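Below is one structure; the comments refer to it alone.
Quantities reported herein were computed from a predicted structural model and do not represent experimental measurements.
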Amino acid sequence: MTENLKELAMALAKAQAEMKNATLNKVNPHFKSKYADLAEIIDTTRETLAKHGLSVVQTTLVNDGVFVLRTTLLHTSGQFIHGDYPLPMVLDKPQAMGSALTYARRYSLAAIANISAEEDDDANAAQAEGKNIKPITAAQVKQLSDLADEVSADKAKFCRYLNVSSLADIPAGKFKQAVDALEAKRPPQAEAAE
């Protein structure tokens, strides 16, 4: 971000005083909760931000080995702030990657504009999910560690990619994804001569 944010801060304060929360126009079938889709959040924020000399740019980049969405709030003065949202790197599954990117764009845009775009369940859904997450077994940790060594993977970067502190914290449901990601790092073998 720029060192001086005075003009951006004044413009954002005026824009936020005028902006309403996004209309909750979609339903999450998993949690039965309502939320605003990306188009609704853009429609809710764009005109008011622009009226006050503000705009938003969302780009992707690799930051410290982690694929991220960067959301930047710009002011006509040249002042800006930005925030990064980590994304899964699933290059072999473009639809999954596209869904993750849309989800990240939606949350990041709502956050930087400081509007609400979903029902507030007081974090009950996240807590309910967390209670049912079991980590992988010690044998699976060893298997992943050995595989990471075999393919020369940086374990710290790999853990950041999976959004965990260590291999032992990987949820059991993500074990196959972890194995597949490491196997994808294996160099292709030359075909045997006939």
Side-chain angles (χ1 to χ4, degrees), residues 1-91 94-131 133 156-157 159-165 169:
M1 73 178 161
T2 50
E3 193 172 312
N4 180 358
L5 295 174
K6 183 178 178 183
E7 291 175 53
L8 184 149
M10 286 191 306
L12 185 57
K14 290 176 184 175
Q16 286 177 339
E18 293 177 23
M19 276 189 286
K20 303 287 184 215
N21 289 324
T23 301
L24 308 182
N25 62 342
K26 298 290 181 182
V27 175
N28 179 329
H30 184 67
F31 293 113
K32 308 287 189 253
S33 60
K34 294 179 183 176
Y35 69 94
D37 66 6
L38 179 59
E40 175 62 22
I41 297 170
I42 291 171
D43 288 346
T44 300
T45 59
R46 181 185 285 154
E47 189 176 319
T48 306
L49 291 174
K51 175 181 170 185
H52 295 284
L54 298 163
S55 61
V56 175
V57 176
Q58 293 184 302
T59 56
T60 56
L61 65 142
V62 176
N63 189 0
D64 291 330
V66 178
F67 186 50
V68 298
L69 168 74
R70 176 164 288 171
T71 300
T72 306
L73 180 68
L74 304 154
H75 185 256
T76 53
S77 65
Q79 297 170 0
F80 69 91
I81 57 172
H82 70 258
D84 292 344
Y85 189 107
L87 294 167
M89 201 173 301
V90 220
L91 298 178
Q95 287 83 6
M97 197 150 187
S99 292
L101 183 58
T102 299
Y103 182 87
R105 288 186 65 203
R106 188 164 60 85
Y107 272 85
S108 298
L109 178 55
I112 209 158
N114 195 34
I115 64 165
S116 176
E118 64 185 319
E119 290 178 321
D120 184 357
D121 73 348
D122 201 26
N124 289 330
Q127 288 176 359
E129 270 192 0
K131 289 177 185 172
I133 296 175
K157 284 183 183 177
C159 287
R160 283 195 302 269
Y161 160 71
L162 291 172
N163 202 23
V164 294
S165 303
D169 295 329

Under 3.5 Å donor-acceptor pairs involving side-chain atoms of residues 8-20, not counting sequence neighbours:
residue: Q16; atom: NE2; partner: A113; partner atom: O; Å: 3.2
residue: E18; atom: OE1; partner: K51; partner atom: NZ; Å: 3.0
residue: E18; atom: OE2; partner: K51; partner atom: NZ; Å: 3.3
residue: E18; atom: OE2; partner: H52; partner atom: NE2; Å: 3.0

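For T71, the side-chain hydrogen bond (donor to acceptor under 3.5 Å, both in side chains) partners two or more places apart in sequence, or in a different chain, are Q58. Residues that satisfy the side-chain contact (heavy atoms from CB on, under 4.5 Å) test with V66, not counting sequence neighbours, are V68, P86, R160. Partners of N4 under the side-chain contact (heavy atoms from CB on, under 4.5 Å) rule, at least two apart in sequence or in another chain, are K6, Q79. Legend: residues meeting ring-ring contact (aromatic ring centres under 6.0 Å, His included) with F80, ordered by chain and number and at least two apart, are absent. Applying the side-chain contact (heavy atoms from CB on, under 4.5 Å) test to Y107 and every residue at least two apart in sequence or in another chain returns Y85, Y103, E118. Among residues two or more places apart in sequence or in another chain, the side-chain hydrogen bond (donor to acceptor under 3.5 Å, both in side chains) test is passed with T44 by E40. Listed by chain and residue number, nothing satisfies the ring-ring contact (aromatic ring centres under 6.0 Å, His included) test with Y35 (two or more places apart in sequence, or in another chain). When the side-chain hydrogen bond (donor to acceptor under 3.5 Å, both in side chains) test is applied to N25, the partners found at least two apart in sequence or on another chain are D37. Listed by chain and residue number, H75 satisfy the side-chain hydrogen bond (donor to acceptor under 3.5 Å, both in side chains) test with S77 (two or more places apart in sequence, or in another chain).
Pairs of residues two or more places apart, or lying in two chains, that qualify as salt bridge (charged side-chain N to carboxylate O under 4.0 Å, His left out) and include a residue from residues 67-89 are R70-D84. Residue pairs meeting the salt bridge (charged side-chain N to carboxylate O under 4.0 Å, His left out) criterion with at least one member in residues 97-117: none, sequence neighbours excluded.
Of all the heavy atoms in A104 and L87, the pair that sits closest is CB-CD2, 3.6 Å. Here the shortest heavy-atom pairing between S108 and L69 reads OG-CD2, 3.9 Å. Contact record, A117 with I41: CB-CD1, 3.5 Å, taken as the closest heavy-atom pair.
Distance check, rounded to the nearest 0.5 Å: OG1 of T72 to CD1 of I112 gives 6.5 Å. For the atom pair CG (L49) and CG (L74), the distance works out to 10.5 Å, reported to the nearest 0.5 Å.
At a threshold of 4.5 Å between non-hydrogen side-chain atoms, the residues T45 and L109 count as touching.
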